Amino acid sequence: MSTFFQAQQQVAALDPRIGNLMASAGLYNLRALIKGVRACKTLADERALLQKESAAIRTSFKDDDAYMRYNNLSKLLYIHMLGYPAHFGQMECLKLVASPRFTDKRLGYLGIMVLLDENAQVLMLVTNGLKNDMNHSNMYIVGLALCTFANIASEEMSRDLCNEIEKLMGSSNSYIRKKAVLCAMRIIRKVPDLIDHFLEPTLQLLGDKSHGVLLCTLSLAIQICEIDPSSISLFGRSTSSLVAVLRNLLSTSFSPEHDVAGITDPFLQAKILRFLRILGRESTEVSDLINDILAQVATNTDGSKIVGNSILYECVLTILETKADAGLRVMAINILGKFLGNSDNNIRYVALNTLNKVVGIDTNAVQRHRTTILECLHDPDISIRRRALELTYKLINENTVSSVMSELLQFLEVADNEFKLGLTTRICMAADRFAPNARWHLDTMLHVLRVSGHYVREDVLASFLRLVCHTPELHAYAVENLYLSLHADMSQLYQTLAAVWVIGEYGDLLFERGRIEQNGTAQPVHPKSVVDMLAMLLDSVYATEPVREYVLTALTKLHTRMQDTEQQKRIRSILAQYVESIDLETQKRALEYSVLLKRDSVRDAVLEVMPLPEKRSIVLETVGGETKDLRSTVSSGQNDLLLDTENTPAGNTAHSQQNAQDLLLDIFGGSNEPAPPAVSATASRQDILGLFDTPSQPPVAQTTSALSSMNLLDEPESEKPQALPVYNKNGFSMALNILSHGADVTVQACFTCTTDVQHIMLQAAVPKTQQLQMLPLSKSSIVPGEQATQNMRISGVSTNGKVRLRIRLSYHVHGEEVRDQLDWMQP
């Protein structure tokens with residue numbers, strides 16, 4: 001750096017005029033400035049150099065020297081590119097634009113595009129210069145003005161120069177027409193009211209012979225159709241000419257000017273297909289006109305290159321979104337099937353994503369590619385595995401359930417943990433719906449419990465137990481298989497719970513046969529071996545609180561199902577060991593069972609086989625959600641795992657809830673009462689479990705409630721609150737559950753979807769005589785199969801009064817924000 005300045009000083013010493021020039025303008029040209037910046041060794045040196053140069057440029061602007069102005073603005077744009085302030089050069093840009101020289105105008109317009117935006121106050125001074133240059137005889141100067149307009153035009157400027165742009169769209173020069181069309185796109189985006197000015201010019205330019213003009217015109221037409229759908233019928237008149245252009249592109253021999261990887265102008269082909277898709281979406285007439293050309297594109301385009309695949313993809317979307325022939329739809333799905341065999345991950349992902357959307361249109365055509373789709377379950381790319389899994393769910397029916405379920409069970413054994421919870425639930429739902437017979441259904445559920453670890457929802461376990469209860473012909477088969485599975489592996493929590501429950505209910509079937517066939521050999525089973533196994537489970541590291549409760553209940557029931565007095569005595573001694581357990585629920589059960597076994601008059605009636613439970617289907621709303629690792633939850637004594645706070649930062653929870661309440665304070669009228677204090681993270685977790693009035697209650701009782709839904713002591717099952725549908729739009733729905741009644745009411749909002757939904761936010765307000773606490777949302781983004789919940793606590797509700805809420809919902813679907821408001825009253 002010092003060497004550079006020494007050379008500069010030596011030059012200045014040789015000629016005083018050069019020295020004065022360099023003193024006033026810093027480094028005398030752009031190249032010297034770049035060299036100086038590159039020579040800086042530290043950021044501080046660079047900053048000092050540029051500050052000095054900026055000061056010299058600012059001083060030099062006072063001199064009305066056109067050459068120095070051009071040189072200084074060039075350096076100033078370079079300084080701006082490095083991230084340093086350069087706003088003081090805005091007026092100099094306007095002076096260069098006013099110059100008659102093309103080079104000055106070019107740099108001036110570049111400076112305007114870089115240093116100004118549509119909100120700059122200086123912009124109003126540019127309008128007149130742009131208008132003059134748009135009428136210039138030099139097409140390149142006109143092009144500079146149009147390019148600048150397309151980048152910085154504000155609403156006011158768009159209105160002022162609208163007529164100029166409309167006139168230039170009819171220019172005889174294709175270079176000017178193309179840029180004018182792009183300016184028209186800027187105008188209708190800023191001022192949609194001006195669309196009428198460009199309808200006829202756009203329709204005329206759709207027949208332009210220039211590829212560049214036609215490509216830009218198609219973009220403008222698509223923009224117009226999106227803003228004003230009523231104009232689609234007007235553009236329908238150009239369908240025949242566009243079909244002719246597309247046919248010509250397909251049949252044209254090699255054209256060096258437009259060739260890309262052996263395909264003539266793929267950008268124009270893709271744009272035409274996209275526009276035809278818009279025109280034919282609601283028009284049978286247009287769809288009939290484009291059927292032939294779509295078939296030609298699908299059959300004549302080379303799919304071995306990315307360029308060809310892009311055209312084929314646009315063709316597929318056009319076929320699927322228009323009223324095309326059934327044969328064309330099959331062809332489109334076959335093209336997507338070919339995409340699945342491509343080595344490019346992006347192409348496979350696009351194919352799976354598209355098939356997910358169209359599987360409901362022609363399921364049979366998608367079924368032909370089932371083998372390839374199932375192979376994608378083992379792809380190294382997790383995003384491809386996720387999309388393939390979603391598509392596989394939709395391929396399950398009465399005819400494919402056996403083969404598809406076999407693949408899903410294999411995938412379950414190697415799947416990432418994030419897939420397992422939803423996967424096990426989906427498998428069980430499909431088995432409930434499409435099982436060919438009860439034996440197959442039972443084997444499938446046994447396999448799921450055997451390999452899924454802790455990634456099983458509690459309602460899935462309850463569904464399995466209901467299945468066993470309702471198939472008496474399989475009682476012996478189920479108890480034998482579960483006995484062997486438990487004997488081989490006690491680490492699978494839900495398999496252990498199922499095995500212990502079934503052994504407790506139907507253990508007498510084990511004792512009747514006295515043996516189990518395993519691998520061609522008969523394994524003896526005696527009451528002692530069963531009690532030994534359950535006692536070993538109690539002493540193992542896998543004996544969590546729910547497991548102990550289930551085992552104690554099973555042992556109590558086995559006491560009445562065996563004739564071995566020695567083992568009966570042993571069971572009573574095991575119960576006596578837990579009468580003084582430090583765990584309250586375990587102690588309670590052991591004590592009650594010990595007393596019960598001494599009362600011969602009621603013992604057998606109480607411990608008889610459970611009555612058949614009511615059949616229920618696993619509903620989709622329970623799929624996904626939070627991962628409940630019951631073993632970790634119970635052993636740690638915390639319920640942190642029952643609340644998904646991934647999208648709710650702890651530091652922002654209280655603040656966001658308070659803001660939501662402040663925003664809606666005036667919906668039912670103002671109130672001078674202070675807002676209720678924000679709940680803590682711990683209170684939020686208790687509230688989400690419905691423990692408002694008893695915060696000291698151990699979380700274990702609530703955690704195990706679902707697992708104990710089929711209570712072994714014939715306790716009446718508490719009625720589950722019924723969800724009341726409130727909102728259902730855009731594939732996103734919300735239902736409300738009244739969890740508690742009285743003066744303090746707890747309302748739970750449950751969110752589900754049939755498409756990806758992000759940034760969910762619920763705001764609510766109550767009448768001013770009441771107070772509302774909004775608890776954290778469990779998750780702000782959900783995908784199909786998942787559920788999000790949010791609890792609301794309302795105090796001050798009158799006796800027998802009904803809950804009234806004014807609700808505001810906001811969420812994002814397909815990248816677009818949706819806002820809705822509704823009023824709801826409890827029925």
Side-chain angles (χ1 to χ4, degrees), residues 174-175 177-178 181-182 205-222 238-280 289-322 324-325 327-355 358 365 369 372 376 379 381 384:
S174 62
Y175 175 81
R177 290 201 306 273
K178 178 177 68 175
V181 169
L182 296 177
L205 289 177
L206 285 175
D208 201 289
K209 301 300 182 183
S210 170
H211 285 210
V213 174
L214 182 55
L215 182 63
C216 295
T217 305
L218 286 168
S219 299
L220 174 59
I222 291 173
S238 63
T239 304
S240 300
S241 61
L242 291 175
V243 169
V245 172
L246 187 55
R247 183 176 290 109
N248 187 44
L249 290 174
L250 289 174
S251 59
T252 300
S253 58
F254 177 72
S255 174
E257 185 179 358
H258 304 110
D259 182 81
V260 178
I263 296 178
T264 304
D265 207 340
F267 303 101
L268 182 56
Q269 291 191 44
K271 188 72 72 172
I272 291 175
L273 288 169
R274 189 175 305 173
F275 188 51
L276 292 177
R277 179 161 72 246
I278 295 175
L279 298 181
L289 287 174
I290 65 177
N291 276 340
D292 291 342
I293 191 62
L294 292 178
Q296 291 183 36
V297 173
T299 55
N300 297 335
T301 303
D302 184 7
S304 62
K305 300 174 183 177
I306 294 179
V307 177
N309 285 330
S310 65
I311 297 175
L312 288 174
Y313 179 65
E314 290 293 339
C315 181
V316 167
L317 293 182
T318 303
I319 292 172
L320 296 175
E321 292 189 26
T322 58
D325 294 338
L328 274 180
R329 293 184 181 276
V330 174
M331 182 184 296
I333 293 175
N334 289 340
I335 291 174
L336 293 176
K338 292 180 181 178
F339 283 177
L340 293 178
N342 199 292
S343 59
D344 191 312
N345 284 1
N346 294 326
I347 294 178
R348 291 206 305 278
Y349 180 86
V350 165
L352 289 169
N353 202 35
T354 308
L355 287 172
V358 304
H369 307 283
T372 309
C376 292
D379 193 277
D381 191 326
I384 292 179

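None of the values given here were measured: they were computed from a predicted structure.
- In this structure, N334 and H369 have side chains that are in contact, with non-hydrogen atoms separated by less than 4.5 Å.
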| task | Go through L250 and Q269 one step at a time and tell me if the side chain to side chain contact (heavy atoms under 4.5 Å, CB included) criterion holds. | result | CA-CA 9 Å; L250 289 174; Q269 291 191 44; 3.7 Å; yes
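- Note that CG of L312 is 5.0 Å distant from OG1 of T301, once rounded to the nearest 0.5 Å.
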| query | side chain to side chain contact (heavy atoms under 4.5 Å, CB included) between K271 and L214: does it pass, once the steps are laid out? | reply | CA-CA 10 Å; K271 188 72 72 172; L214 182 55; over 6 Å; no
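- Across all non-hydrogen atoms, the minimal contact from L273 to C315 is CD1-N, 3.9 Å.
- Closest approach of S238 and S241 over heavy atoms only: O-OG, 2.8 Å.
- Summarising the geometry of A332 relative to V316, their closest heavy-atom pair is O-CG2, 3.7 Å, with the distance given to 0.1 Å.
- The closest side-chain heavy-atom distance from I293 to I290 is below 4.5 Å.
- For the atom pair T318 OG1 and N291 CG, the distance stands at 11.5 Å (nearest 0.5 Å).
- Side-chain contact between I319 and M331 is absent, with no heavy-atom pair separated by less than 4.5 Å.
- Shown here for L242 and L206, the closest heavy-atom pair between the two residues is CD2-O, 4.1 Å.
- Contact record, G303 with N309: O-OD1, 3.0 Å, taken as the closest heavy-atom pair.
- R277 is listed as a side-chain neighbour of E314, based on a closest heavy-atom distance under 4.5 Å.
- The number of heavy atoms from other shown groups lying within 6.0 Å of CZ (F267) does not exceed 12.
- In this structure, the side chains of L268 and L218 come closer than 4.5 Å at one or more pairs of heavy atoms.
- Remark: side-chain polar atoms of T299 are paired, donor with acceptor, to backbone N or O of Q296 under 3.5 angstrom.
- In this structure the side chain of H211 reaches within 4.5 angstrom of the side chain of L249, judged on heavy atoms.
- In terms of heavy atoms, V181 sits closest to C216 at CG1-O, 3.4 Å.
- Contact check for Y313 versus T354: side-chain heavy atoms found under the 4.5 Å cut-off.
- Atoms CG and CG, on D325 and L294 in that order, are 10.0 Å from each other to the nearest 0.5 Å.
- Note: R247 CZ to D292 CG = 7.0 Å, rounded to the nearest 0.5 Å.
- Using a 4.5 Å cut-off on side-chain heavy atoms (C-beta onward), L355 and L340 make contact.
- Note that CG of L352 is 12.0 Å distant from CD1 of I347, once rounded to the nearest 0.5 Å.
- Side-chain polar atoms of S210 and D208 form no donor-acceptor pair below 3.5 angstrom.
- Rounding to the nearest 0.5 Å gives a distance of 8.0 Å between CD1 of I384 and CG of N346.
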